Protein chains: 2
Amino acid sequence: MDTPPVVGRRERKKAATRQAIADAALRLFLERGYDRVSIRDIAEAADVSTTTLFKHFPGKEALVFDQEEDREAGLIAAVRRRPAGQGVVDALREHVLASWLPVATHPLRTEFTALVDSTPVLQEYAERMWTRHTAALSAAIADDAGVSHDDIACRALARFVLDIPALTRGLEDPRAAVEEVFDLLTHGWRPPGRPQQDHRGD
Amino acid sequence: MDTPPVVGRRERKKAATRQAIADAALRLFLERGYDRVSIRDIAEAADVSTTTLFKHFPGKEALVFDQEEDREAGLIAAVRRRPAGQGVVDALREHVLASWLPVATHPLRTEFTALVDSTPVLQEYAERMWTRHTAALSAAIADDAGVSHDDIACRALARFVLDIPALTRGLEDPRAAVEEVFDLLTHGWRPPGRPQQDHRGD
DNA sequence: GGCAAAAAGTGCAATCGGTCCACTAATTGC
DNA sequence: GCAATTAGTGGACCGATTGCACTTTTTGCC
């Protein structure tokens, strides 16, 4: 009468359990650090069995990177639905600047970022989460250029773009860094002859 | 009297033990596949305890990639001791073509390559073995260009070059692929407008 | 030669991530 | 109301890795 069960009670309970696990995990990780928290600790804190925990998350690292929006769709869309006359690289640069940077520099994520940065296994995992999309992005680029899906230049470009999060992690000025990397991808490597201009502070 | 102990008996025995472990491991891996061989299997085949095994190798994956010559030194040397007038990217291209390709395409390594290619965890490990040198190569490039060590363009170039093994793994024509990637790094991305010219065979 | 420290190796228990299995209980579709 | 799904349980289990207390070998040195 009040709330029609568009989603059943079961699914709601399932989601609640999943959320309880993720919350407990993140809390414990932030309290004690990633490696000082065991799977059993998390399961107990969320009041579930370890079996249940692994039915919701494929592994320990996945507990950290919970809500995974689909970056892949965004990437492919950035290539496919770009304004006429714009190059692929420019489209990707805009997408990176508009979509990734706000997340990376979100002030509320400070302690989360610190957690990831201080845990090598999490850094690697985060990196894999990006490079995992290499094939898909590469295919989109190849389609756009009208060449074969296994074109090596397309694959390289996709990979290099997806390397950007890893390359620019924890930098003072991420925006400038992203621009510089895209400059390299657009024009190729140019030896930066100037002996370190002061571009910090003012 | 006959052989002066330039290296003591201890070190020789240690090296022998290490070699015995590595040999046993590789043999078993090739016979049964990586995940169907346990650490205890290897330890028993080499007639040592698992404790001893882990004193020689930091983990299971390291047993596969034993003799690690220092690629890092070669990379840095390729940048530093390059012919006058040659650009960094060209020097790196030559080094990659001269040093990596022969190893990757060595006919005796066929089964070894098959082992790595068929085992995801080994692929990831191999990739990390390369990207691990990003900081060192980046520093060499930055030194060469006379800019700060944390210059992002240098870091990006280093990273992109070290991505090449992962990008070109298992390709029909690795040499052409390497050339194409370096072309991207030299001149920037250029949309390959031609609809898949036949550039294989002749 | 003899001896003490360093270091290699041992054996074993324990931890930890992750899986398996047989089972209970809630939810759902009909 | 009932049968099929499905979430969750709990505990045994596996394999990688570590820690500890101990033996044996080698080495450096007097």
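None of these values were measured; they are calculated from a predicted model. Letters go in sequence order (proteins before strands), and every chain restarts at 1.
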ask   = Will you find, in the side chains of A:Thr110 and A:Thr113, an N or O donor that is under 3.5 Å from an N or O acceptor?
value =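 No, no side-chain donor-acceptor pair sits under 3.5 Å.
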query = Start at the 5' end of DNA chain C and walk down; is the nucleotide closest to A:Asp35 or to B:Asp47 reached first?
reply =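 Nearer the 5' end of the strand: B:Asp47.
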ask   = More 5' along DNA chain C: B:Arg18 or B:Arg40, using each one's nearest nucleotide?
value = B:Arg18
Proximal nucleotide (of C:dA26, C:dT28, D:dT26) relative to the A:Arg9 side chain =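 The closest nucleotide is C:dT28.
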request  = Name the closest nucleotide to the B:Ile39 side chain, picking from C:dG18, D:dA7, D:dA16.
outcome  =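 Nearest to the side-chain atoms of B:Ile39, counting from C-beta on, is D:dA16.
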ask   = If each of A:Thr50 and B:Lys60 is mapped to the nucleotide of DNA chain D with the nearest heavy atom, which maps nearer the 5' terminus, i.e. the 5' end?
value = A:Thr50
Atom-pair distance ([atom1] on [X]; [atom2] on [N]), nearest Å:
X        : N      : atom1 : atom2 : answer
A:Glu11  : D:dA7  : CD    : P     : 9 Å
B:Glu44  : C:dC12 : CD    : P     : 14 Å
A:Asp41  : C:dG17 : CG    : P     : 8 Å
A:Leu122 : C:dG17 : CG    : P     : 12 Å
A:Phe54  : D:dA7  : CZ    : P     : 17 Å
B:Lys14  : D:dT27 : NZ    : P     : 13 Å
A:Leu53  : D:dG10 : CG    : P     : 14 Å
B:Ile42  : D:dA16 : CD1   : P     : 8 Å

[N] phosphate, OP1 or OP2: any side-chain N/O from [X] under 4.0 angstrom?
X       : N      : result
A:Lys13 : C:dT27 : yes
A:His56 : D:dA7  : no
B:Thr17 : C:dG9  : yes
B:Thr52 : C:dA8  : no

inquiry  = Pair B:His56, B:Lys14 - check side-chain contact (heavy atoms from CB on, under 4.5 Å), show working.
reply    = CA-CA 9 Å; B:His56 286 274; B:Lys14 183 174 180 177; 3.5 Å; yes
Sidechain-backbone polar pair: B:Arg36 side chain, B:Arg32 backbone, donor-acceptor under 3.5 Å = yes
query = Can you find a heavy atom in the side chain of B:Val161 that is under 4.5 Å from one in the side chain of B:Leu157?
reply = yes
message = Run the salt bridge (charged side-chain N to carboxylate O under 4.0 Å, His left out) test on B:Asp163 and B:Arg159 for me, step by step, so that the C-alpha distance in whole Å, both residues' side-chain angles and the decisive distance to 0.1 Å come before the verdict.
response = CA-CA 6 Å; B:Asp163 272 342; B:Arg159 168 72 182 227; 3.7 Å; yes
ask   = Below 3.5 Å, does any donor atom in the side chain of B:Lys55 face an acceptor in the base of C:dG9, or the other way round?
value =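 A donor-acceptor contact between them is present.
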ask   = Side chain of B:Thr51, base of C:dG11: donor and acceptor closer than 3.5 Å?
value =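 Yes.
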note = From the list B:Tyr125, B:Phe57, B:Phe29, ring-ring contact (aromatic ring centres under 6.0 Å, His included) with B:Phe65 holds only for B:Tyr125
ask   = Heavy atoms under 4.0 Å, any strand shown: does B:Ser38 hit a base, just sugar-phosphate, or nothing?
value =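 Sugar-phosphate contact only.
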task = Assign A:Val121 to base, sugar-phosphate, or nothing according to its heavy-atom contacts below 4.0 angstrom with the strands shown.
result =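 It contacts nothing in the nucleic acid.
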